[in-house]
Amino acid sequence: SVLIDELCKSGKLDDANRLLELMIERGVNPDTVTYTTLIDGLCLTGKINQAREIFDSMESKGCRHNVVSYNTLINGYCKNQNIDEATSLYQEMHSKGIKRTIVTYNTLFVGLFKMGMVESALNLFAEMQLNGVVPDSVIYTTFVDGLCKNGHVLKAVELFHAIRDCELELDVVTYSCLIDGLCKTGELDTAWELFHGLDHVGLKPNVVTYNIMIHGLCKEGQTDKANNLLLD
RNA sequence: CUACUGAUGA
């Protein structure tokens with residue numbers, strides 16, 4: 001009956017809801033994981049209000065909220081561009097004594113950058129560090145990407161180099177974000193260098209990295225170079 | 001045994 005949860009995730013939300021009713025009828029009680037799975041499914045299809053109803057009803061059904069259920073709903077609000085609700089849940093976590101994780105912070109960063117709230121993201125970053133959460137490569141990627149998409153490609157490049165100088169882990173996604181940002185601001189040559197720099201640090205470009213580079217090249221009319229990329 | 005976060009394009 002717990003395997004049911006997974007099926008809910010992939011696709012059919014109506015079926016998931018019917019399944020939920022069925023399991024209750026049969027005397028199998030849903031738990032926090034069950035509800036969180038549903039909430040995630042609802043959020044990602046834009047049904048944030050329905051997700052919220054489930055979230056609010058959980059406690060009365062004996063299912064305690066935990067860090068994952070909060071993170072999931074926060075992500076829902078962020079994806080639906082409702083930073084205010086996301087922030088208020090973030091504060092609620094604290095008052096309920098639920099420890100916020102790196103996922104919590106990254107989710108909020110993504111939401112803030114999407115809303116163009118660069119300052120707020122930086123402030124939250126400071127707050128995160130005060131709370132003893134150490135940034136990882138996902139966090140850095142979010143910042144590199146967020147800075148690029150808010151017109152601060154130079155700052156993204158600076159950050160990128162700073163991370164590298166500290167010998168912190170960077171992965172292919174971080175590179176891809178910066179390459180994309182550079183391509184889209186006409187810095188094709190720098191992007192191209194970075195693309196080839198991947199090999200140098202032992203990383204392999206993946207299909208997304210190639211898509212980004214090829215797209216950038218084609219947009220600048222360098223279709224020959226793009227074609228060559230496909231030939232290795 | 002199961003739930004949450006980052007990149008491109010169509």
Side-chain angles (χ1 to χ4, degrees), chain A residues 1-10 13 16 19-20 23 28-44 48 51 54-55 58 63-79 86 89-90 93 98-114 121 124-125 128 133 135-149 153 156 159-160 163 169-184 191 194-195 198 203-219 226 229-230:
Chain A
S1 70
V2 194
L3 295 172
I4 290 169
D5 293 333
E6 275 253 65
L7 305 174
C8 305
K9 200 177 164 190
S10 49
L13 277 171
L19 228 44
L20 180 71
M23 68 189 273
V28 181
N29 284 331
D31 63 4
T32 301
V33 175
T34 318
Y35 286 120
T36 303
T37 307
L38 269 169
I39 288 170
D40 193 40
L42 288 166
C43 284
L44 299 183
I48 186 73
I54 292 180
F55 184 86
M58 281 170 64
C63 295
R64 307 273 309 175
H65 292 139
N66 61 19
V67 59
V68 178
S69 58
Y70 267 96
N71 287 347
T72 304
L73 191 58
I74 287 176
N75 186 38
Y77 281 119
C78 284
K79 291 282 177 328
L89 284 167
Y90 167 80
M93 287 174 85
I98 296 173
K99 205 163 161 57
R100 299 174 284 212
T101 62
I102 202 156
V103 175
T104 319
Y105 286 103
N106 193 61
T107 304
L108 283 165
F109 290 142
V110 172
L112 288 168
F113 278 122
K114 193 176 288 174
L124 186 64
F125 185 83
M128 177 184 83
V133 175
D136 64 2
S137 65
V138 175
I139 296 279
Y140 287 124
T141 300
T142 301
F143 270 81
V144 168
D145 187 56
L147 288 171
C148 284
K149 294 199 166 125
V153 180
L159 174 62
F160 182 86
I163 300 164
E169 27 149 7
L170 282 178
D171 63 21
V172 64
V173 182
T174 321
Y175 275 81
S176 300
C177 289
L178 192 54
I179 292 169
D180 187 48
L182 290 165
C183 284
K184 287 178 175 161
L194 205 57
F195 183 83
L198 277 166
L203 292 172
K204 287 265 165 253
N206 63 22
V207 62
V208 175
T209 323
Y210 274 98
N211 285 348
I212 289 168
M213 199 64 246
I214 290 169
H215 187 249
L217 288 166
C218 287
K219 236 178 30 186
L229 267 188
L230 282 177

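- Checked by distance alone, N211(A) brings no side-chain donor or acceptor within 3.5 Å of a matching partner on the base of A7(B).
- Note on V208(A): a base of the nucleic acid sits closer than 4.0 angstrom, heavy atoms only.
- For G6(B), its base never sits under 3.5 Å from the side chain of T142(A) at any donor and acceptor pair.
- Checked by distance alone, N66(A) brings a side-chain donor or acceptor within 3.5 Å of a matching partner on the base of A3(B).
- Atoms CE and CG, from M58(A) and N66(A) in turn, are 7.0 Å apart once rounded to the nearest 0.5 Å.
- With no hydrogens or angles considered, a side-chain donor-acceptor pair links T34(A) and D31(A) at under 3.5 Å.
- Counting to the nearest Å, the P atom of C4(B) and the OH atom of Y70(A) are 19 Å from each other.
- In summary, the side chains of T209(A) and N206(A) do present a donor paired with an acceptor at a separation below 3.5 Å, with no hydrogens or angles considered.
- Between K219(A) atom NZ and U8(B) atom C1' the separation is 11 Å, expressed in whole Å.
- In this structure, D31(A) atom CG and C1(B) atom C1' are separated by 12 Å, rounded to whole Å.
- Distance from the side chain of K184(A) is smallest to U8(B) among U8(B), U2(B), U5(B).
- Among the heavy atoms of the strands lying under 4.0 Å from S137(A) is at least one base atom, whether or not backbone atoms are also near.
- The distance between atom OH of Y140(A) and atom P of G6(B), rounded to the nearest whole Å, is 18 Å.
- For the pair Y35(A) OH and A3(B) P, the interatomic distance rounds to 18 Å; values are reported in whole Å.
- Put simply, CE on M213(A) is 14 Å from P on G9(B), counting in whole angstrom units.
- Counting non-hydrogen atoms under 4.0 angstrom, T72(A) reaches the backbone sugars and phosphates but no base.
- Phosphate contact (OP1/OP2 of A7(B), side-chain N/O of K114(A), threshold under 4.0 Å): absent.
- Distances were taken from every side-chain heavy atom of H215(A) (C-beta onward) to each of U5(B), G9(B), A7(B); the shortest belongs to G9(B).
- Rounding to whole angstrom units, CD1 of residue I39(A) and P of C4(B) are separated by 12 Å.
- Rounded to an integer number of Å, the gap from F55(A) CZ to C4(B) P is 16 Å.
- Residue T101(A) is out of contact with every strand shown, counting any heavy-atom pair closer than 4.0 Å.
- A side-chain hydrogen bond (donor to acceptor under 3.5 Å, both in side chains) with T174(A) is found for exactly one of T141(A), D145(A), T142(A), namely T141(A).
- Between A7(B), U5(B), A3(B), one nucleotide has an atom nearer to the side chain of K149(A) than all others, and that is A7(B).
- Atom OH of Y70(A) sits about 13.5 Å away from atom OG1 of T101(A), to the nearest 0.5 Å.
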